[in-house]
Each structure stands twice: as C-alpha cells, then as structure tokens.
Amino acid sequence: MNLIKRKMDRNFQGRSYECMSDCSDMSNYLSRCHSCRVESGCFMVYDRPNFMGNQYFMRRGEYADYMSMMGMRDCIRSCRMIPMHRGQFRMRIYERENFGGQMYELMDDCDNIMDRYRMSDCMSCHVMDGHWLMYEQPHYRGRMMYLRPGEYRSFRDMGMGGMRFMSMRRIMDM
C-alpha cells in the first residue's frame with residue numbers, strides 16, 4: 001500500500017490529508033499543501049489540478065518545505081501514485097512526433113541521449129514496459145515528465161511544447 005500524507009502548511013503544520021491513490025484535485029481536501037510525508041511508494045505531484053502543470057517526483061521521505069527544496073512555484077494541487085514495476089523496462093524514443101525519425105529502444109537509464117545516440121531531440125515515445133521519468137536536461141536535471149505504459153505521439157500536444165527531453169530514468173523500487 002502506498003501512502004502520502006499532506007499538510008496544509010510548511011514543516012508539517014496545520015490540517016492534514018492522507019492519500020493512498022490518485023487525487024485529481026487537492027482543493028477538495030485542503031486549500032493548500034506546502035509539506036508532505038511519503039510513507040511508502042512513489043508519487044508524482046503536480047502544481048495544477050487534473051495532473052497538469054509542473055511535475056515533481058517524490059519517493060519515501062519527508063518534505064517539510066518542498067517548495068523551496070524543489071523550486072516549486074505553487075503548492076501541490078494533484079498527485080498520482082506510481083505503481084511499482086518488477087519486470088523488464090522498455091521504451092522506444094523517437095526524434096519526431098508521431099513516432100517519426102530516428103528510433104532507439106531503451107531498457108535502462110540514459111543520462112544523455114545526445115552523447116549515447118547522437119539524438120538532439122525526442123518528441124514522441126512508446127513505453128512498452130515499466131514506468132519512466134523523462135528530464136529536460138542531461139544527467140536527470142530540470143523539469144520532468146512521468147510516463148507510464150502507452151503511446152505518446154506528441155509531447156507538444158501534451159502541453160510540453162517548450163521542453164526538449166535529454167535524459168530518461170526508470171522508476172524502480174527503492
């Protein structure tokens with residue numbers, strides 16, 4: 001069972017709300033959320049309702065003031081539980097939208113697609129197995145996007161138009 005406890009104020013002060021699954025709109029439970037404790041599992045948190053906006057990955061631990069720690073501009077508005085995957089990991093990345101251009105298949109982390117594949121951009125992908133994080137910059141830095149199994153034909157159409165993904169990491173049981 002995965003569990004995330006959220007507190008209204010920094011340093012675990014104020015009202016709290018416990019969540020064991022996806023929550024598309026935190027305002028139904030708390031007017032704001034500035035600290036949280038992940039007791040088990042992993043979660044993606046979002047600064048807008050309905051799993052929109054900037055995304056942040058949280059694993060087991062305490063986040064007393066995650067806004068300053070993660071550079072978050074706003075408080076948590078929604079969250080998604082990430083199920084743990086125990087099998088192999090597979091993802092195909094493409095340099096153009098709709099699975100066009102060069103294609104490479106990943107089965108492990110890639111800290112820099114330019115260095116490894118001489119690929120300057122990744123604009124679509126197909127996640128066959130596992131759950132992944134894609135990062136805007138090499139070496140797992142910058143803004144991120146959570147990907148679960150499925151086809152992602154256009155990152156631009158998903159609201160990620162200004163981002164270029166340069167590194168990818170598997171989300172593994174930690």
Side-chain angles (χ1 to χ4, degrees), residues 1-93 106-109 124-136 140-155 157-160 163 165 167-174:
M1 167 177 44
N2 292 344
L3 178 66
I4 185 171
K5 287 184 178 180
R6 294 182 205 95
K7 286 292 199 169
M8 190 168 173
D9 296 318
R10 288 172 180 83
N11 298 314
F12 310 107
Q13 302 297 308
R15 290 185 22 231
S16 67
Y17 171 70
E18 290 188 15
C19 183
M20 290 184 271
S21 62
D22 296 354
C23 180
S24 64
D25 190 357
M26 290 294 304
S27 66
N28 292 331
Y29 308 102
L30 296 171
S31 60
R32 64 185 185 274
C33 174
H34 290 288
S35 60
C36 72
R37 179 179 295 121
V38 179
E39 295 186 353
S40 64
C42 298
F43 286 82
M44 285 306 289
V45 297
Y46 303 80
D47 62 5
R48 292 182 28 212
N50 298 312
F51 318 112
M52 302 295 286
N54 292 312
Q55 304 179 27
Y56 303 89
F57 176 70
M58 293 186 169
R59 65 179 58 148
R60 187 178 180 155
E62 292 189 348
Y63 302 86
D65 184 7
Y66 62 81
M67 289 179 68
S68 62
M69 185 174 75
M70 297 178 164
M72 212 169 166
R73 290 183 204 97
D74 202 356
C75 58
I76 296 174
R77 300 290 183 198
S78 56
C79 73
R80 175 165 276 149
M81 184 189 77
I82 300 173
M84 280 301 112
H85 177 76
R86 301 225 187 273
Q88 72 175 9
F89 287 78
R90 280 188 14 191
M91 173 172 62
R92 290 186 181 145
I93 58 173
L106 284 77
M107 297 180 76
D108 58 358
D109 300 348
S124 60
C125 76
H126 179 194
V127 176
M128 283 89 70
D129 296 302
H131 297 258
W132 297 75
L133 290 175
M134 294 184 77
Y135 294 83
E136 181 178 37
Y140 318 114
R141 303 209 182 277
R143 293 182 294 172
M144 63 183 76
M145 180 171 66
Y146 164 58
L147 298 172
R148 51 190 174 184
E151 293 183 347
Y152 301 87
R153 295 184 169 278
S154 171
F155 297 143
D157 290 349
M158 295 170 59
M160 303 292 180
M163 289 178 68
F165 294 105
S167 55
M168 297 84 183
R169 175 177 274 167
R170 300 163 294 162
I171 300 175
M172 302 176 73
D173 194 8
M174 293 160 224

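As the structure is a computational prediction, the values presented were derived from the model and not from experiment.
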Provide the closest heavy-atom pair for D157 versus S154 in the form atom of the first, atom of the second, distance. N-OG, 3.1 Å

Any H131 side-chain heavy atom under 4.5 Å of P149 side chain: yes

Spacing of W132 atom CH2 and H85 atom NE2 [to the nearest 0.5 Å]: 9.5 Å

Here the gap from R37 atom CZ to E18 atom CD, rounded to the nearest 0.5 Å, amounts to 10.0 Å

Are side-chain heavy atoms of M128 and R92 found at a separation under 4.5 Å? yes

Does the pair D22/R80 count as a salt bridge with the N-to-O cut at 4.0 Å? yes

Run the side chain to side chain contact (heavy atoms under 4.5 Å, CB included) test on R143 and N54 for me, step by step, so that the C-alpha distance in whole Å, both residues' side-chain angles and the decisive distance to 0.1 Å come before the verdict. CA-CA 7 Å; R143 293 182 294 172; N54 292 312; 3.6 Å; yes

Rounded to the nearest 0.5 Å, what separation is found between the CE atom of M26 and the SG atom of C19? 7.0 Å

Could you tell me if the side chain of I171 sits less than 4.5 Å from the side chain of F89, heavy atoms only? no

Side-chain (N50) to main-chain (M52) donor-acceptor, under 3.5 angstrom: no

Can you tell me how far CE of M172 sits from SG of C42, rounded to the nearest 0.5 angstrom? 11.5 Å

Return the OH to SG distance between Y56 and C36, rounded to the nearest 0.5 Å. 13.0 Å

Give a yes or no on this: more than 12 heavy atoms of other residues, nucleotides or ligands lie within 6.0 Å of atom CZ of R90. yes

Between atom CD of Q88 and atom CZ of R170, what is the distance when rounded to the nearest 0.5 Å? 11.0 Å

Do I82 and F57 make a side-chain contact, defined as non-hydrogen atoms from C-beta onward lying under 4.5 Å apart? yes

When every non-hydrogen atom of Y146 is compared with those of P83, the smallest separation belongs to OH-CD, 3.9 Å

Exercise: identify the closest heavy-atom pair between D47 and R77: O-CG, 3.1 Å

Does any non-hydrogen side-chain atom of S124 lie less than 4.5 Å from one of E151? no

Which residues share a side chain to side chain contact (heavy atoms under 4.5 Å, CB included) with R169, sequence neighbours left out: D109, Y135, Y140

Less than 4.5 Å apart, side chain to side chain, heavy atoms only: is that true for I93 and F165? no

Please report the C-alpha distance between M44 and L133 in whole Å, then the side-chain angles of each, then the deciding distance to 0.1 Å, and finally whether the side chain to side chain contact (heavy atoms under 4.5 Å, CB included) criterion is met. CA-CA 10 Å; M44 285 306 289; L133 290 175; 3.7 Å; yes

In short, S78 meets S24 closest at the heavy-atom pair CB-O, 3.4 Å

Heavy-atom side-chain proximity of M145 to Y152 below 4.5 angstrom: no

